[in-house]
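Remarks on the structure that follows.
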Amino acid sequence: MDYCKIDEALSKKEGEKVKIRGWIYRRRSAGKISFIVIRDSTGIIQTIVEKDKVSEKDFKASQKALIESSVELEGIIHEDNRAPGGREIHAINFRVINFADDFPITEYQSVEFLLDNRHLWLRSRKLTEIMKLKAKTLRIIRRWFDENDFYEVTPTVITLNAAEGGATAFSFKYFDQKAYLSQTAQMYLEALIFSLERVWSLTPSFRAEKSRTRKHLTEYWHLEAEEAWVDNEENMKIQEELVSYVCQNLMKEANNELEFLGRRKDELKVIEPPFKRISYEKALKKLQKKGFDVKWGDDFGAPHERVLVEGEEKPIFVTNFPIETKAFYMKISSDKKTVKCADMLAPEGYGELIGGSERSEDIDSMIKRLKAQGANIENYQWYFDLRRYGSVPHSGFGLGLERLIMWIAKLDHIRDATPFPRMVRRASP
Ligand code: 4AD
Ligand code: MG
């Protein structure tokens, strides 16, 4: 007889025989009976192991096995309204694969303790639901890119270019030269549009940000796209379509996860194009009116972002930031003060989901801005070649996958959007 998953066992009828395997989630013994709740990737089910119904060896094992022991068993389905899921299994045999030691995680534990034991805490219900949601989100994203003529590509993460500024780049010794862990795949994606026109990639990006906030990881999964023949306006359309497609499809494909995490369907249902656009200049005025002490050239922080999305049900774009607030590769607007860029901000104060822009084609202006950052221009010559040999107007964007999950799953902290979070004081487990 084949093993079945627990969700399947929960749909069987009274009297049907099933064989399952998984881990002990909860347990209690009462004289001649062991009540054991088993967990697998699909759910939990209660099983009853009675002394008279199984061999002596099996019954002893059921009494001895602690939580998180791995087990397999065969039994008969009984409908019972008191059991979680309305079904329980009456075992006819019960085998322990591995008798677990005393599990270190009990009910009330500090955040630090749980992070130290992340490799075990990943088995918790909440993290399980988040990881499923993340996998489903990626599946949907991939589908969207496939349906919209993008090629998935695999850029490098070892680079000599700190495209987002040296201050937040992790450097390391690459044999006898100084290299960086990639902050963005953008420059490499730009090289690929000259053969493939529309490309996207999913890579880890690294940021040596000392800022210890709820929204910053030092390593995150970066979903980036680059499009030939696309301006900043069209680039925003691509982004709002992608994000809306994710929300609309998660609603259909991630019912259980969303319900467990407390994200209501009607909140996702409204996420449809177009998203509101507001210029940096207008945003600045709005903030000043609300009493914030901000002036032209200041970047927006979390409190500013929260005010800008107040009352918004959908993400919004903030466009046309001052040149000095943004990276060297963004195209300068005709006003000569701002760049053709857009940040997509999530509703409810979850912060920046996407940073995108039209790309500069003016080598001299890029060199000037790079020099101001103290960058080594030699390492950027290959990038300028892209402007020398058949340059075309093009745009692209980068979405922080964990930011997206943090918003959709309503997480208090970005660390729970990734299995092994890397933060200022944490590189283990
Ligand atoms: O706005 P950023 O820095 O843009 C770029 O890197 C562009 N080169 C992307 C591109 O055009 N191809 O980063 C893009 C996104 C942010 O909007 C945010 O969602 C996420 O990456 N992000 C982070 N997520 C988690 N932790 C951090 N420290 C992050 N820094 C950026
Ligand atoms: Mg940004």
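In this text the structure is predicted, and so the values were computed from the model without any measurement. Every number for a ligand or one of its atoms is a count from 1 in the order of the listing.
For ligand 1, the polar-atom distance check against Leu353 finds a nitrogen or oxygen pair separated by under 3.5 Å. Checked against a 3.5 angstrom limit, the closest N/O atoms of Gly400 and ligand 1 fall inside it. Some N or O of Leu217 is nearer than 3.5 Å to an N or O of ligand 1, by distance alone.
Contact annotation: for His222 versus ligand 1, heavy atoms closer than 4.0 Å belong to the side chain alone. For Trp407, no heavy-atom contact with ligand 1 is shorter than 4.0 Å.
Nearest to atom 18 (C) of ligand 1 among the protein's heavy atoms is Arg403 NH1, 3.6 Å. If you check which protein heavy atom lies closest to atom 16 (C) of ligand 1, you get Glu352 OE2, 3.3 Å. Annotation: atom 15 (C) of ligand 1 to nearest protein heavy atom, Gly398 O, 3.5 Å. Nearest protein neighbour of atom 12 (N) of ligand 1, counting heavy atoms only, is Glu224 OE2, 2.8 Å. From the protein, the heavy atom lying nearest to atom 29 (C) of ligand 1 is Tyr220 CE2, 3.4 Å. Distance from atom 5 (C) of ligand 1 to its nearest protein heavy atom, with residue and atom name: Glu164 OE2, 3.4 Å. Closest to atom 11 (O) of ligand 1 among all protein heavy atoms lies Arg359 NH2, 2.9 Å.
In this structure, Lys126 is not positioned above the aromatic face of Trp121 in the sense of NZ or CZ being under 6.0 Å from the six-membered ring centre and within 45° of the axis. Remark: Lys64 qualifies as a cation-pi partner of Phe99 under the 6.0 Å distance and 45° angle criteria applied to the six-membered ring. Figure legend: cation-pi geometry between Lys326 and Phe321, with NZ or CZ positioned under 6.0 Å from the six-membered ring centre and within 45° of its axis.
Shown here for Pro347 and Glu313, the closest heavy-atom pair between the two residues is CG-O, 3.5 Å. Between Gly355 and Asp343, the closest heavy-atom pair is CA-OD1, 3.9 Å.
Here is the list of ligand 1 atoms found below 4.0 Å of a heavy atom in Lys215: 25 (C), 26 (N). Close approach to Ile354 involves these atoms of ligand 1, each under 4.0 Å from a residue heavy atom: 17 (O). Heavy-atom contacts of Ile414 reach the following atoms of ligand 1: 25 (C) (cutoff under 4.0 Å).
Between Phe145 and Phe150, the ring-plane angle classifies as perpendicular under the 30° and 60° cut-offs. Ring planes of Tyr188 and Trp382: parallel class, angle under 30° (limits at 30 and 60°).
The Mg ion (ligand 2) has Glu352 OE2 as protein N, O or S atoms under 2.8 Å away.
Heavy-atom distances between Lys326 and ligand 1 stay at or above 4.0 Å for every pair.
Residues Gln183 and Phe170 have side chains not in contact (no heavy-atom distance under 4.5 Å, counting atoms from C-beta outward). The shortest side-chain heavy-atom distance between Val37 and Arg27 does not fall under the 4.5 Å cut-off. The closest side-chain heavy-atom distance from Ile24 to Leu66 is not below 4.5 Å.
Of the listed options Arg207, Met406, Gln186, Arg207 places a heavy atom closest to atom 6 (O) of ligand 1.
With Glu233 as reference, Asp231 is the one residue of Val230, Asp231, Asn235 to meet the side-chain contact (heavy atoms from CB on, under 4.5 Å) rule.
For Glu164 and Tyr329, the side-chain atoms include at least one donor-acceptor pair closer than 3.5 Å. With hydrogens and angles left out, the side-chain atoms of Tyr220 and Arg422 include no donor and acceptor closer than 3.5 Å.
Using a distance-only test at 3.5 Å, with no hydrogens or angles considered, a donor-acceptor pair links the side chain of Asp335 to the main chain of Thr338.
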